[in-house]
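Comments concern the structure below.
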Amino acid sequence: MTRTKSCPKDILGLHGLDGRTIIAILDEAVALRDDFRRCGKPLDILANRTVCLLFFEPSTRTMNAFAQAARNLSADVLSVAAGETSSISKGETLLDTARNLEAIGADRFVVRHGSSGAPHRLAPLLRAGVLNAGDGRHEHPSQALLDMFTLRERFGRLDGLHVGIVGDVLHSRVARSNVWGLVACGARVTLVAPPAWMPPGAESLGAEVSHDLDAVLPGLDAVMALRIQKERLGGDPGPTTSQYAARYQVNAERLRRAKDSCVVLHPGPINRGVELTSDVADGPRSLILRQVTNGVFVRQACLARCIRGLDKGLDEGLDEGRAS
Ligand code: CP
């Protein structure tokens, strides 16, 4: 089992990370999961460290999985969310908020923000490490890592798998991080979306592109349905729910075309009856709750990796693992 040795203080995205580095993070997630199970109590890797969850957008899975991961590694956890309970509602900036929390003792921030690039702008201005928990429509690296962890757990490899990512690709940070991560690890990825929800030049991400799920489905090892992000659709809503479901919904009838071994993923939260039918979401092909469980293990590895980056100093190693 490979454990990462030298690490950057931040994990901001998977774009540009090489496959070797991603596999090392997944291996570390396995090792920490097994250590925690063997030990039967929190590991002391983050003892006397403070992880601050800084969420400017709603979250159930990511925020709580990071909190659980931090507790499993003996960290203290602070939690600040946009809304009436924090001074963010009084207009305090992201940087001022983070600097004040750093002054309180936070040495690791898990940041979700509606603005693409917000964690990237914050990270160089802080001594603390920054983990991107989803920025606008840009990246969601820990989600893609847990998706890859789950696929590797099921198939024993990522190299050579064919993964279809289906739905609102245009607004999806999950899709972007998964394309970059999966392709770096040797998987083939096909993005499938209605024309209105396929970003222009999507092939440049490294994936193949299709508007026809029924044509692509028979060749897939895994189909990942994306959430339709109503909050990001803006003035151009694209297809109606019924138009979308008719061509892109992952349902039992459509899955008759798929291999017996084809599995179904979804990052959550699910719009039941839209992207997926309930019989598929809760059925034998579904790995959706497995993804959520694995999210704790992957985030343990992300937090542990960043603490080693912090201990090395601010700048040293920041580019470690970047493909040349
Ligand atoms: N997949 C995901 O990011 O879920 P949350 O919005 O609940 O964190």
Side-chain angles (χ1 to χ4, degrees), residues 11-15 25-26 29 51-72 77-83 88 108-119 130-151 153 163 165-182 197 222-233 250 263-272 274-276 280-282 286-303:
I11 296 180
L12 300 173
L14 299 191
H15 187 212
I25 295 172
L26 302 185
V51 173
C52 181
L53 310 173
L54 196 47
F55 276 65
F56 288 72
E57 282 189 339
S59 171
T60 297
R61 281 145 288 270
T62 310
M63 189 173 71
N64 288 293
F66 266 115
Q68 188 64 34
R71 285 191 291 265
N72 289 352
V77 180
L78 299 174
S79 187
V80 176
I88 295 165
R108 178 82 67 274
F109 288 99
V110 177
V111 180
R112 171 167 288 190
H113 203 282
S115 172
S116 298
V130 175
L131 291 143
N132 181 4
D135 64 315
R137 47 165 100 171
H138 179 220
E139 281 232 41
H140 194 344
S142 67
Q143 176 68 44
L145 288 167
L146 76 86
D147 294 335
M148 286 187 276
F149 184 104
T150 304
L151 288 170
E153 180 181 61
V163 180
I165 302 180
V166 182
D168 178 10
V169 177
L170 180 64
H171 301 99
S172 178
R173 54 200 181 201
V174 174
R176 276 171 190 70
S177 289
N178 262 294
V179 171
W180 286 321
L182 283 164
W197 289 346
V223 56
M224 181 186 299
L226 299 170
R227 181 173 72 85
I228 295 174
Q229 304 197 41
K230 296 192 184 94
E231 72 277 19
R232 295 189 219 282
L233 293 182
V250 179
V263 295
V264 174
L265 294 90
H266 191 296
I270 302 169
N271 294 308
R272 285 179 181 260
V274 182
E275 304 111 23
L276 287 176
V280 171
D282 304 327
S286 173
L287 298 180
I288 293 170
L289 291 178
R290 192 81 209 154
Q291 289 172 266
V292 179
T293 300
N294 290 338
V296 177
F297 311 139
V298 161
R299 284 155 180 143
Q300 288 175 179
C302 292
L303 289 167

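One-based numbering, in listed order, for ligands and for the atoms of each.
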- Query: When you look at F66 and L131, which way does the side chain to side chain contact (heavy atoms under 4.5 Å, CB included) test go after all the steps?
  - Reply: CA-CA 10 Å; F66 266 115; L131 291 143; 4.3 Å; yes
- Item | Shortest heavy-atom approach to atom 3 (O) of ligand 1 - which of E57, H140, Q143 | H140
- Task: Validate the cation-pi geometry between R112 and F55: distance from NZ or CZ to the six-membered ring centre under 6.0 Å, angle to the ring axis within 45°.
- Result: no
- Message: As an exercise, identify every atom of ligand 1 less than 4.0 angstrom from a heavy atom of T60.
- Response: 5 (P), 7 (O), 8 (O)
- May I ask you to check whether E139 and H15 show a side-chain donor-acceptor distance below 3.5 Å? no
- Task: Determine, step by step, whether D282 and R272 satisfy the side chain to side chain contact (heavy atoms under 4.5 Å, CB included) criterion, reporting the C-alpha distance in whole Å, the side-chain angles of both residues, the deciding distance to 0.1 Å, and the verdict.
- Result: CA-CA 10 Å; D282 304 327; R272 285 179 181 260; 2.9 Å; yes
- So which protein heavy atom does atom 2 (C) of ligand 1 come closest to, and at what separation? T62 OG1, 3.5 Å
- If we only count N/O pairs under 3.5 Å, is M63 in contact with ligand 1? no
- Under 4.0 Å from a heavy atom of P267: give me the atoms of ligand 1 that qualify, with their elements. 1 (N), 2 (C)
- Note on the structure: of all protein heavy atoms, closest to atom 4 (O) of ligand 1 is R61 NE, 3.1 Å
- Query: What's the shortest heavy-atom distance between P119 and L12, and which atoms?
  - Reply: O-CD2, 3.8 Å
- Is there a heavy atom of R112 sitting under 4.0 angstrom from any atom of ligand 1? yes
- Query: Would a 4.5 Å heavy-atom cut-off, applied to side chains only, mark L226 and E275 as touching?
  - Reply: no
- G268: numbered ligand 1 atoms lying under 4.0 Å from its heavy atoms: 1 (N), 2 (C), 4 (O)
- Distance-only N or O hit between ligand 1 and P269, under 3.5 Å: no
- Message: I'd like to know if G134 contacts ligand 1, where contact means a heavy-atom distance under 4.0 Å to any ligand atom.
- Response: no
- Task: Salt-bridge test for R137 and D168: reply yes if a basic N is under 4.0 Å from a carboxylate O, no otherwise.
- Result: no
